[in-house]
Every structure is written in structure tokens, then in C-alpha cells.
Amino acid sequence: MLSKNSILILLTPFLYLNFINLSTIQNTQMTNNIYINDLSKHVGEEVTLKGWIYNKRSSGKVKFLILRDGTGYLQCIVFKGNVSPEVFELADSLAQEASFEVTGTVKEEPRAVGGYELDATDVKLISESVDYPITPKEHGIEFLIDHRHLWLRSKKQVAIMKIRHRIAKAIRDFFDERGFTLFDPPIITPNASEGTSTLFEMEYFDLGKAYLTQSGQLYAEAGALALGKVYTFGPTFRAEKSKTRRHLTEFWMVEPEMAFYDLDDDMDLAEEFIEYIVQSVLKDRKAELEILERDISKLENIKRPFPRVSYDEAVKILHDNGIEFEWGNDLGAADETMISSKFDKPVMVHRYPAEIKAFYMKRDPENEKVALAVDVLAPEGYGEIIGGSQREDDYDTLVERIKEHNLPLDFFKWYLDLRKYGSVPHSGFGLGLERTVTWICGIEHVRETIPFPRMIYRNTP
RNA sequence: UCCGCGGUAGCUCAAUGGUAGAGCAUUCGGCUGUUAACCGAAGGGUUGUAAGUUCGAAUCUUACCCGCGGAGCCA
């Protein structure tokens, strides 16, 4: 039996650990910086903020320093009479993007952007910035992309990155809240999943050629048959020499895959998913959308249900609008724009001709000429943001399809196993993150929606 | 890969065969409420590269390099 003393001795290490933990927490609190988006809690107080010079104006005895700290923008007023001559001189010499620390009193000020202003009493230089290349004036895209590492500091780019982050969070939240398991597929793969796109090739030790993944879907199917509902979320790679505003060679894709979902279930989920993403951004990132001058009413309208048209109906829409189009062809960019312009919500085009779709898509039992596939076209001409389908779940049929597409059966042995051991109907889709961000932000080009875009003629910075 | 457009000051652009220009940025001066501040001054150029036509080429011709937009393909 333990004595009182021995209990104390046993507890001592725990008490000691607790003490360490508490002091660690206190330290972090003490070093906590104040950020611009917290200023409403500090009106009337003297605070110190750190950041960079976004812009500067001066009018004789008063300097206006615009501080940016990643959370917002704040006008700091430096009056000649309120600071020492050295500090006034320093405020005058600060160049665009110089890092600095400023101390002063927080005031509510309707004249200032953001509604708050800092009456500075002290300014300290942290590090200077000589000849910052990006000015508050216009620049061409080539120059801006060359300076992407600095362009990211600009107001619109900061807003886009924050919206991208919110969308990524909405994606994770949506699936996490609905019983999905995150399932990470390999990036290095031995073969093409669809056999059509060009892949980035590499030498993989003694095993010969390997490729960067263009989709995690086939692996996600294995995940769905193990865990029921899974999603993958990560980068994918396409070596196609696509040179348009909708293409990157490296981009992020989220791919849910669900056992026991048919095409209708798949479309129901896609529609709920898109609504959730858009409404999350509207709820939490309205200020950023306003910086981007986005027409918010167009996004507020993104509520279920979305229109669903079959490929056959889509072809009829094209014909009714005087566009020549032959049944069996894939919809081109102009065709997609035509179709989506008829609706003010994302439109789901389903049951495409099987011949133009991937080998793993299940044919419609009611019409063997079409596949149980769906593409979701974003409104306002932003084009395809989702591609999905119900998967072929019959072993013999899938073997036939692989042969028809001249794909190597050996590579798909494991994939065929999924149809051999307890095969079930299952479906999924892939949503392109950058295209979704482009649409929600209402911007022209996908290259601005990822920190460092990779395009056919550019892999720097 | 194909089609179209472009490359002039650090940046955005003008100059259509006859002395290389403006705005912004930079430096200096002025201004106590600016919002891409404003006013005045200064510095800043092998006109993408190479060859050709011409008394003379940023400008015309040819080739090449680089970039942008679009098509196909795709998310």
C-alpha cells in the first residue's frame, strides 16, 4: 500500500510537467502580436503592430503610411509634432514594402480605408526595401508572373489566396462532416489512369519508367471499397501542351469516391458540394470578394437544385441556337459556354457518348451508346469544374473495355480485383480546385489562383 | 502541335523611313488629411537577337529567340 509521501513523490513529475506547460502557454501569449483585423478590440489603446509598407503619401508635416500585415491594411498617421525628428525622418524615408514596426493609438476614423487609423508615436525600421519592382500602377502579366513571389503581396492576390484557403477548408469540412475518410493516393504511378493524357515521365530506379499522377481516382476506388466513402485531395499533373486560361500542368483536385452510389446519387452530392463551397465563401470571405469586385448576387444564387440536362438535350440546345454540332463529338469550350449561358446556376450535363469517355465509366443499361458520366459546367462561361461518373463494376465488361482502349491488362490487375472480390456499384467525381477558385473569384485566368503556377512555358519562380 | 498578336527607359505605353517621347517608379525640393494624393526639377535607352534593303531603320524584308491570347485535350 502506498503512503501519502510516496503518492506525492509519484505526482511530482506531473505537477512539474503542468508547471512547464503553463509557463509555455504564458510565453506564447506574451509574444502574441496584435494584427490589423483585431483592431476593433483595441480602440483608444496604444498598440504596436508589425508589417510592411503597402503605400505611402505625404503632405508636408504629415505622413500617411499604409501598413499591411497579412490580415488587413491600416493607415498610420505620422504628424511632425507627435514624434521625434528622427522618427519623422524615418517615416519619410520608408520605401514600398520596407518592413517596420509602428506604435500608436488606435482611432475609429471614417476617412480611412477599413474604418480604423493609427496615430503613430513611434516608428522602427525592421528591414529596408530598395527599388521594389511592383508599383501601385499597372503591370503586364509577363512582368507580374516573373515576380510572382512579390506579386503575392498585392491586395488582390492576398484576397485570392484567402479565398482559395477558405474553399480548401470547405472541401475538407464538407466531406469530413459526411462520414468520408481522407484517402491519399500515390503521386508516383506506374501507368496512365485513362491512357489519353500525356504524363510527366521519370526513371524509377530499376523498375523503368514511372509517371506523376494525373488522377487519384483508381486508387480512390480501392479506398471506397475499403472505407465506404473516401476523398482524395492533392496535386495532380498533366503534361498536355494546353495553352489556355483554364489550364495548369500542376493543379489540385479533390476526388470523392462512394460505394453504393449510382449516377443520380453522385450528382446529388456534387450539387450539394458546390452549394456548400460557394455559401461558405460568401459567409466568411465577403470582404475579399469585394476587393476582387466580384458580383456577389451571382454567387448568392448558387443554391440547389441545379439544372440537369442530358447530352442529347445539350445537343438540342446547341442546334436550337444555330450551332452546328454532330452527335458523338465532345463539347468544345464555345459549346460549353453556350449551354451554361442558358442557366444562372451550374449545369450538370450527363450521359455522354461512351466513345468519348474513359474506359472505366459504366454504360447506361437503358442506352449502351452513352456512359453514366456527368460534367458540371460553372456559370458565366467558366467551363467545366467537375467531371464524374458511375464506374463499371462488372469484371468481364471492364476487361473488355481495357482491351478496347488498348491498355495494358497487367497494370490493371489490382484494379480488376476490386470487381472480383465483392464488387458494388460505386461512383465519384473530381473537382478542379483552381478552376473553382477562378469562378468564385470571378477572375480571368487560373494562374492567379495557385501560389506558384506551373504552365507549359513556365516553371519559375 | 496549329492559328493570331506582340517585344522601345525599372514598369505601362507613344513615336509608320528623317534629332528616342510621356505617365508611373527612383532622387531632390514644396505642401498638417492624403485615398493609385498633388505641384516643381533631375537622372535614366545597343528599340528581343542576327543579317539584309536604304544616304538614313524602332519603323521595311528574312531567319531565330521569348512572351501573350485562342484551338485541340482536359479539371
Side-chain angles (χ1 to χ4, degrees), chain A residues 54-66 73-82 88 92-93 95-97 107 109-114 117 119 129-147 150-151 154-156 193-199 214-217 235-255 270 329-337 356-358 374-378 382-388 429-439 444-447 449-450 455-458:
Chain A
Y54 189 72
N55 200 359
K56 183 181 70 172
R57 289 176 285 271
S58 78
S59 178
K61 305 290 183 290
V62 60
K63 307 291 176 195
F64 302 91
L65 307 178
I66 312 300
Y73 302 84
L74 175 69
Q75 176 160 280
C76 306
I77 311 302
V78 186
F79 275 111
K80 194 164 194 176
N82 292 0
F88 191 74
D92 195 41
S93 72
Q96 193 186 355
E97 288 302 321
K107 292 194 310 190
E109 174 53 72
R111 283 177 294 185
V113 177
E117 186 173 272
D119 227 338
S129 164
V130 180
D131 295 334
Y132 186 72
I134 301 177
T135 66
K137 290 279 178 180
E138 292 164 22
H139 297 283
I141 190 63
E142 184 185 355
F143 179 81
L144 289 171
I145 290 259
D146 281 342
H147 295 84
L150 303 175
W151 186 23
S154 302
K155 203 176 248 179
K156 284 192 175 180
S193 65
E194 301 181 21
T196 51
S197 304
T198 322
L199 302 175
Q214 59 169 344
S215 163
Q217 183 210 311
T236 51
F237 307 86
R238 304 276 165 95
E240 283 164 353
K241 293 195 169 181
S242 299
K243 194 170 152 35
T244 81
R245 69 182 73 186
R246 297 182 305 281
H247 286 89
L248 297 169
T249 56
E250 176 181 334
F251 65 97
W252 279 58
M253 189 154 66
V254 54
E255 296 177 284
N329 290 338
D330 207 354
L331 300 173
D335 306 321
E336 286 183 355
T337 305
I356 56 169
K357 287 293 180 185
V374 59
D375 282 359
V376 181
L377 310 179
Y382 279 94
E384 185 182 346
I385 53 170
I386 278 182
F429 61 81
L431 173 130
L433 177 63
E434 288 76 15
R435 285 189 183 176
T436 304
V437 178
T438 307
W439 161 51
E444 278 292 305
H445 203 298
V446 285
R447 66 190 157 203
T449 63
I450 188 166
M455 292 168 294
I456 142 170
Y457 293 124
R458 176 181 294 277

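Computed from a predicted model, the values in this text were never measured in an experiment. Chain letters run A, B, ... following the sequence lines, proteins first, then strands; residues in each count from 1.
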Output all residues satisfying side-chain contact (heavy atoms from CB on, under 4.5 Å) with A:Asp92, sequence neighbours left out; order by chain, then residue number. A:Lys63
Distances under 3.5 Å between nitrogen or oxygen atoms of protein and nucleotides 65-68 of chain B:
unit_1, atom_1, unit_2, atom_2, d
B:G67, OP1, A:Tyr457, O, 3.1
B:G67, O2', A:Glu142, OE1, 3.3

Results of side chain to side chain donor-acceptor pair (under 3.5 Å) for A:Thr135 - residues two or more places apart only: A:His139
Check: A:Thr135 side chain, B:C11 base, donor-acceptor under 3.5 Å: no
Which parts of nucleotides 29-34 of chain B does protein reach within less than 4.0 Å, heavy atoms only, written one letter per nucleotide 5' to 3' as B for base, S for sugar-phosphate only and - for none? --BBBB
Can you find a donor-acceptor pair, distance only, under 3.5 Å between A:His139 side chain and B:C11 base? no
List the residues meeting side chain to side chain donor-acceptor pair (under 3.5 Å) with A:Glu142, not counting sequence neighbours, and say none if there are none. none
Under the rule for side-chain contact (heavy atoms from CB on, under 4.5 Å), what residues qualify as partners of A:Gln75, not counting sequence neighbours? A:Arg57, A:Phe64, A:Ile66, A:Ile77, A:Ala112, A:Glu117
For A:Tyr132, which residues count as a ring pair (Phe, Tyr, Trp, His ring centres under 6.0 Å) partner, sequence neighbours excluded? none
Pick base, sugar-phosphate or nothing for A:Asp375, based on heavy-atom distances below 4.0 Å to the nucleic acid. nothing
Applying side chain to side chain donor-acceptor pair (under 3.5 Å), can you list everything that pairs with A:Lys56, at least two apart in sequence or on another chain? none
Residues that A:Glu434 engages under salt bridge (Lys or Arg N to Asp or Glu O under 4.0 Å), provided they are two or more places apart: A:Arg164
Would you write out the dot-bracket form of RNA chain B, 5' to 3', with Watson-Crick and G-U pairs under 3.5 Å, [ ] for crossing pairs, | for pairs to other strands and . for unpaired bases? (((((((..((((....[..)))).(((((.......))))).....(((((..]....))))))))))))....
Listed partners of A:Ala334 passing side-chain contact (heavy atoms from CB on, under 4.5 Å), at least two apart: none
Suppose we screen for side chain to side chain donor-acceptor pair (under 3.5 Å). Which residues come up paired with A:Glu97, at least two apart in sequence or across chains? A:Arg68, A:Arg153
